[in-house]
J.: 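Could you have a look at this structure, given as structure tokens, before my questions?
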There are 2 protein chains.
Amino acid sequence: MTGRSMPVPARRRRRDGEARRESELDAALDIFSTTGLHGASLDQIAERAGLSKTNLLYYFPSKEALYLAVLRRVLAVWLDPLQSLDAGSEPAAAFRSYVRAKLTLSRDAPQASRLFCLEIVQGAPLLRPELEGPLRDLVEAKAAIIRDWSAAGRIGPHDPHHLIFSIWAITQHYADFAVQVEAVTGRNLDDPDFFERTVASTQALILAGLGLR
Amino acid sequence: MTGRSMPVPARRRRRDGEARRESELDAALDIFSTTGLHGASLDQIAERAGLSKTNLLYYFPSKEALYLAVLRRVLAVWLDPLQSLDAGSEPAAAFRSYVRAKLTLSRDAPQASRLFCLEIVQGAPLLRPELEGPLRDLVEAKAAIIRDWSAAGRIGPHDPHHLIFSIWAITQHYADFAVQVEAVTGRNLDDPDFFERTVASTQALILAGLGLR
DNA sequence: GTCTATATCGGGATAGAC
DNA sequence: GTCTATCCCGATATAGAC
């Protein structure tokens, strides 16, 4: 028992623990998003994270718990941009920046988008409560703002739900269906020129649909 | 060895065989589309198809072969509506009917849409050749038509690829993300009223984007 | 063609030493 | 906290009787 075997200060330990946990979640996101929950093995994830399977199960009680932890982290990031649709904004500018923010996420965090997509397509067995609670509430709040803009004549009439779905669908398509986009166009969002064209094209479509410009 | 044990006429046998195969593929589509390739078990599929697992493996050499057979059948149906974008049509009418056809498919064959989505999101390990071949060619042909319409001033300027992607993304969203749509709106495409509103909303968005009406 | 039985294997999870 | 060894179950696939 020497001084060197004594525990390090608590704050340092916690910071290390959080960094470790983050890197494990990153590895799990990598694997889960390309093979799904059932297609992925703990061995793969552990290898990518640089530890043993047993060790991974020391930090997470089960495979499903790990999956769920990844999923929750994804959802938080994924909904964030919608916050920027603010009642005080100019509608055209607000939609333009929302479209850009979502496409930026599709470019920079495509795996998060894909994992979310996989979960929803399979019926959201684990995420359904989050959809019917927080997500629904957030969408309703933003739909109210859009409805107000419409009532005030600042944008043309358009069902807020369908409008939001359309923006989600288009922007996430470039992450979720990236291989198809690449098969057809030979390009993806990592190409700066293609990215800017995609942003401009989507903004134009949405704004035209709202009767703006 | 009585006459009754003799083989039935070949045509009858083949028709029965095709019906049996179809019902097996239907069952497989059901299961694969809700759990993915790895999440599905042959037992589940066999049970839904009304035969034993052993028997199923008598007709299909392996699980993956069954999966691939389902996938190919899906792709054919899925691309079909795009054929209707014909150079001889009136652009506005052509897009309107294409949007309706795609949303009808999302309503009537949501599982096909979801299976296709699952495969693409995971990188299309089995379907990539089809994407880079037939699908790419079909899209290019239709993009040329759209480009001609644009050059002739019959529709506003819009990148054909992005336009097609947007239509795909929006229309398939209502099948692939149905649980999310339901969580937010409490409705789905099986509701006739909701279906018609979705069609109208999507048509309006696309046509506005093209500068039509 | 359909059944029962079984070989075989991958992978999630646990035990226990260190 | 990390390792080795192992248990155990579900699932694909095959063998062989009928």
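Keep in mind that what you see is a predicted model, and the values were worked out from it rather than measured. Excluded from the calculations below are hydrogen atoms, water molecules and symmetry mates; all remaining heavy atoms, backbone and side chain alike, are included. Below, read A as the first sequence line, B as the second, and so on, with proteins coming before strands; counting in each chain starts at 1.
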J.: When you measure from the centre of the six-membered ring of Y59(B), is the NZ or CZ of R21(B) under 6.0 Å away and within 45° of the axis?
T.: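 So R21(B) doesn't make the cation-pi contact.
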J.: What integer distance in Å separates D16(A):CG from dG1(D):P?
T.: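 So the CG-P distance, D16(A) to dG1(D), works out to 10 Å.
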J.: Can you pull the salt bridge (Lys or Arg N to Asp or Glu O under 4.0 Å) pairs that have at least one residue in residues 186-200 of chain A, sequence neighbours excluded?
T.: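 As it turns out, the salt bridge (Lys or Arg N to Asp or Glu O under 4.0 Å) pairs with a partner in residues 186-200 of chain A, which skip direct neighbours, are R100(A)-E196(A), R187(A)-D191(A), R187(A)-D193(A), D193(A)-R197(A).
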J.: Can you list, pair by pair, the side-chain donor-acceptor contacts under 3.5 Å of residues 108-124 of chain B, counting residues two or more places apart and other chains?
T.:
| unit_1 | atom_1 | unit_2 | atom_2 | d |
| --- | --- | --- | --- | --- |
| Q111(B) | NE2 | D30(B) | OD1 | 2.9 |
| S113(B) | OG | D176(B) | OD1 | 2.7 |
| R114(B) | NE | A175(B) | O | 3.1 |
| E119(B) | OE1 | Y67(B) | OH | 2.8 |
| E119(B) | OE2 | L126(B) | N | 3.0 |
| E119(B) | OE2 | L127(B) | N | 3.3 |

J.: Any idea which heavy atoms bring A46(A) and L56(A) closest together, and the distance?
T.: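 Shortest heavy-atom separation between A46(A) and L56(A) comes out as N-CD2, 4.0 Å.
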J.: What contact category does Y59(B) fall into here, base, sugar-phosphate, or nothing, at under 4.0 angstrom with non-hydrogen atoms?
T.: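 The residue Y59(B) makes sugar-phosphate contact but no base contact.
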J.: With side chain to side chain donor-acceptor pair (under 3.5 Å) as the criterion, how do H38(A) and T35(B) come out once you've worked through the C-alpha distance, each side chain's angles and the decisive distance to 0.1 Å?
T.: CA-CA 8 Å; H38(A) 301 288; T35(B) 5; over 6 Å; no
J.: Nearest whole angstrom, please: distance from the P of dG1(D) to the CZ of R20(A).
T.: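 R20(A) atom CZ is separated from dG1(D) atom P by 7 Å.
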J.: When the distance from CG of L51(B) to C1' of dT2(C) is rounded to whole Å, what number comes out?
T.: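 Roughly 10 Å, once rounded to whole Å.
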J.: Specify the separation, in whole Å, of atom CG of N55(B) and atom C1' of dG1(C).
T.: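 Taking atom C1' of dG1(C) as the reference, CG of N55(B) is at 6 Å.
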J.: Does the cation-pi check pass for R107(A) over Y174(A), that is, NZ or CZ under 6.0 Å from the six-membered ring centre and within 45° of its axis?
T.: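 No; the conditions do not both hold, so R107(A) does not lie above the ring face of Y174(A).
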J.: Taking CZ from R21(B) and C1' from dG1(C), how many angstroms apart are they, rounded to a whole number?
T.: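 Rounded to whole Å, this separation is 17 Å.
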J.: Treating primed atoms plus P, OP1 and OP2 as sugar-phosphate and everything else as base, which nucleotides of nucleotides 4-18 of chain D get B, S or - for protein heavy atoms under 4.0 Å?
T.: B------SBBBB---
